[in-house]
Number of protein chains: 2
Amino acid sequence: MGITERKEREKESRKESIIDAAQKVFFEKGLLLSTMDEIAETAELAKGTLYLYYHSKEDLYLAVMMRGLMIMHSMFEEVIAQKFSVVKTMVELTKSYTAFFEQHRNYFRMLHFFNTPQFHKQVSEEMMQSCDDLNQSLWNMVVEIIKQGMIEKQFRTDLNPIEISLIMWSNATTLLMRIDTQHDMFIQKMNINLNDTLRVSNTLFLESIMTEPGKKELYASLN
Amino acid sequence: MGITERKEREKESRKESIIDAAQKVFFEKGLLLSTMDEIAETAELAKGTLYLYYHSKEDLYLAVMMRGLMIMHSMFEEVIAQKFSVVKTMVELTKSYTAFFEQHRNYFRMLHFFNTPQFHKQVSEEMMQSCDDLNQSLWNMVVEIIKQGMIEKQFRTDLNPIEISLIMWSNATTLLMRIDTQHDMFIQKMNINLNDTLRVSNTLFLESIMTEPGKKELYASLN
DNA sequence: TCAAGAAAATGACTGCCGGTCATTAATTAC
DNA sequence: GTAATTAATGACCGGCAGTCATTTTCTTGA
């Protein structure tokens with residue numbers, strides 16, 4: 001009997017349509033100012049129904065956020081699939097991250113909350129695990145590239161690949177967040193274009209982790 | 001008559017004692033899990049009284065946070081007062097920031113919330129201004145050092161001092177936040193000591209913005 | 001010294017929201 | 001066609017930020 005299968009599908013599609021509604025509301029108002037009542041109304045469901053599918057508002061938030069992570073994941077995979085040199089791949093990955101920010105800014109913003117300590121208290125174990133897994137997977141893609149770069153002696157081998165990936169990631173994320181919230185202010189008050197700052201930061205850092213041959217390749221890869 | 005003056009003093013000291021209570025509660029539970037009722041009880045005042053002195057919970061939070069910023073400010077001033085060379089001063093400032101994190105972690109954590117977008121909606125204009133001013137002042141101290149370093153040709157002059165300060169600041173902050181929340185996890189799962197990562201990150205960046213003479217001075221300063 | 005007026009403090013109350021659960025509706029099984 | 005199972009509902013609860021009419025404390029001036 002295909003009834004259980006059909007039910008399974010229906011359940012999935014309901015979950016998706018709830019995420020659709022949540023996304024609409026969260027994108028518009030952010031986590032704190034969004035209410036479950038509004039999400040329920042947008043989904044054309046009763047509030048109680050939401051809780052049959054998600055444990056908490058925060059879980060629902062993460063369900064939306066994971067869509068963003070998956071988009072980023074596929075953007076990264078696309079870069080890697082092109083089989084550039086490691087140096088070019090690194091350059092393209094940083095571009096990709098910036099592109100993700102520009103094209104999916106609403107998702108990017110959601111990532112911020114993931115780092116606020118008290119946020120986690122409201123999140124279910126399973127949802128947390130799913131997020132961590134996806135995160136880990138993104139992480140590994142970058143670390144593997146760096147390892148390969150070390151094997152090929154394009155990157156300095158006296159550094160730890162995980163550390164490098166961590167520093168790059170931190171660097172870019174913080175600056176992108178600033179671009180998101182303070183772009184205009186920096187232009188007006190300090191005459192600083194944060195997009196340039198990000199490029200400078202990425203370039204300086206990439207230079208600093210590369211060997212001489214790596215640097216040559218880098219300058220060729222930058223455009 | 002000194003009555004108005006005395007009243008002024010009393011009002012100030014009441015404001016301080018409210019901050020004392022708020023600090024106690026916020027340090028323990030963070031912004032989201034702290035309640036105005038609990039702060040009121042800790043301050044041995046009625047809740048309504050708190051609102052005679054501060055516009056909102058978030059304002060009160062910032063009032064506590066500003067104590068932290070002032071501590072950091074004075075730590076920075078102490079470094080600058082020692083009149084080291086610019087390179088040594090930069091090294092000491094980064095150490096100072098780390099020391100602030102280690103000695104005043106509770107204050108450091110509060111800085112995080114300042115960056116969450118929806119947080120600002122609840123904050124009064126004046127409080128926001130006070131925070132911005134203090135922040136700006138901290139910022140300027142670093143920028144001025146970098147400018148001096150450029151004049152002395154210890155730092156590369158093809159970079160923008162504000163940009164440099166921005167990148168350094170971002171770098172250190174993000175890594176310190178991670179140290180705060182994920183130190184143990186990184187050691188156990190990846191065998192990474194984030195304190196080392198921070199040092200690596202700082203060193204790589206300082207190297208990358210310095211001229212050859214600057215680098216020599218840098219290696220001497222790192223002792 | 002004390003009454004009247006001003007200033008400070010109070011806490012019951014309001015509105016809102018996340019989350020629950022007894023009840024109702026829809027679907028399935030026999 | 002009906003009993004049993006599953007899905008959906010929305011009135012309700014507890015908790016919290018913020019308010020405001022009332023009370024308490026302090027000041028003033030005769």
Side-chain angles (χ1 to χ4, degrees), chain A residues 1-18 21-22 25-26 28-64 113 116 118-125 127, chain B residues 1-18 21-22 25-26 28-64 113 116 118-125 127:
Chain A
M1 59 175 65
I3 286 177
T4 49
E5 284 80 358
R6 198 202 72 221
K7 283 217 165 185
E8 200 55 45
R9 280 201 309 278
E10 280 176 358
K11 205 167 172 182
E12 270 319 303
S13 93
R14 170 119 313 168
K15 280 185 99 165
E16 285 302 312
S17 75
I18 289 175
V25 177
F26 283 139
E28 207 171 301
K29 312 202 168 174
L31 173 64
L32 297 178
L33 301 181
S34 299
T35 70
M36 288 301 267
D37 283 289
E38 190 176 353
I39 293 170
E41 197 175 345
T42 305
E44 293 174 315
L45 289 170
K47 181 159 62 164
T49 310
L50 301 187
Y51 287 91
L52 297 177
Y53 294 87
Y54 295 95
H55 292 309
S56 68
K57 182 178 163 183
E58 282 72 17
D59 262 36
L60 198 39
Y61 191 81
L62 287 190
V64 177
F113 263 92
T116 57
Q118 285 109 27
F119 177 83
H120 294 79
K121 305 222 163 157
Q122 321 288 335
V123 175
S124 72
E125 205 58 57
M127 186 55 85
Chain B
M1 57 176 62
I3 285 177
T4 49
E5 283 81 0
R6 197 202 73 222
K7 283 218 163 186
E8 200 55 46
R9 279 202 310 279
E10 280 177 356
K11 206 167 170 180
E12 270 319 303
S13 93
R14 171 119 312 171
K15 280 186 98 166
E16 285 301 312
S17 74
I18 289 175
V25 177
F26 283 139
E28 210 169 299
K29 311 201 169 178
L31 174 64
L32 297 177
L33 302 180
S34 298
T35 70
M36 289 300 266
D37 282 290
E38 190 174 355
I39 294 169
E41 196 176 346
T42 306
E44 292 174 318
L45 289 169
K47 181 160 62 163
T49 310
L50 301 186
Y51 287 92
L52 298 176
Y53 294 88
Y54 295 95
H55 292 307
S56 67
K57 183 178 161 181
E58 282 73 17
D59 262 36
L60 197 39
Y61 191 81
L62 288 190
V64 178
F113 264 92
T116 55
Q118 286 109 27
F119 177 84
H120 294 79
K121 305 223 162 157
Q122 322 286 336
V123 176
S124 73
E125 205 57 59
M127 187 54 85

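Protein chains get the first letters and strands the later ones, always in sequence-line order, with residue 1 at the start of each. These figures come from a predicted structure and were not determined experimentally.
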Checklist entry - In terms of the angle between their ring planes, are A/F113 and A/F119 parallel, tilted or perpendicular, with boundaries placed at 30° and 60°? => result tilted
Checklist entry - So, B/K57 side chain and B/S34 main chain: donor-acceptor pair closer than 3.5 Å or not? => result yes
Next on the checklist: Quick check against the 3.5 Å criterion: does B/H55 have a side-chain atom that pairs as donor or acceptor with the backbone of B/Y51?
Outcome noted: no
Item to check | Derivation of the side-chain contact (heavy atoms from CB on, under 4.5 Å) call for B/L52 and B/R14 | outcome: CA-CA 11 Å; B/L52 298 176; B/R14 171 119 312 171; over 6 Å; no
What integer distance in Å separates [X]:[atom1] from [N]:[atom2]?
| X | N | atom1 | atom2 | result |
| --- | --- | --- | --- | --- |
| B/M36 | D/dT19 | CE | P | 10 Å |
| B/R14 | D/dC26 | CZ | P | 11 Å |
| B/E8 | C/dA7 | CD | P | 13 Å |
| A/K29 | C/dC16 | NZ | P | 13 Å |
| B/E41 | C/dT10 | CD | P | 13 Å |
| B/K15 | C/dA8 | NZ | P | 13 Å |
| A/D37 | C/dG19 | CG | C1' | 10 Å |
| B/Q122 | D/dC16 | CD | P | 17 Å |

Checklist entry - Centre of B/Y54's six-membered ring, under 6.0 Å away, within 45 degrees of the axis: is that where NZ or CZ of B/K15 sits? => result yes
Checklist entry - Of all heavy-atom pairs between B/I39 and B/A21, which one has the smallest distance, and what is that distance? => result O-CB, 3.8 Å
Checklist entry - In residues 44-59 of chain A, what residues come within less than 4.0 Å of DNA chain D, judged by heavy atoms? => result A/L45, A/A46, A/G48, A/T49, A/L52, A/Y53
Next on the checklist: Taking the nucleotide of DNA chain D with the nearest heavy atom to each, does B/L32 or A/K11 sit closer to the 5' end?
Outcome noted: A/K11
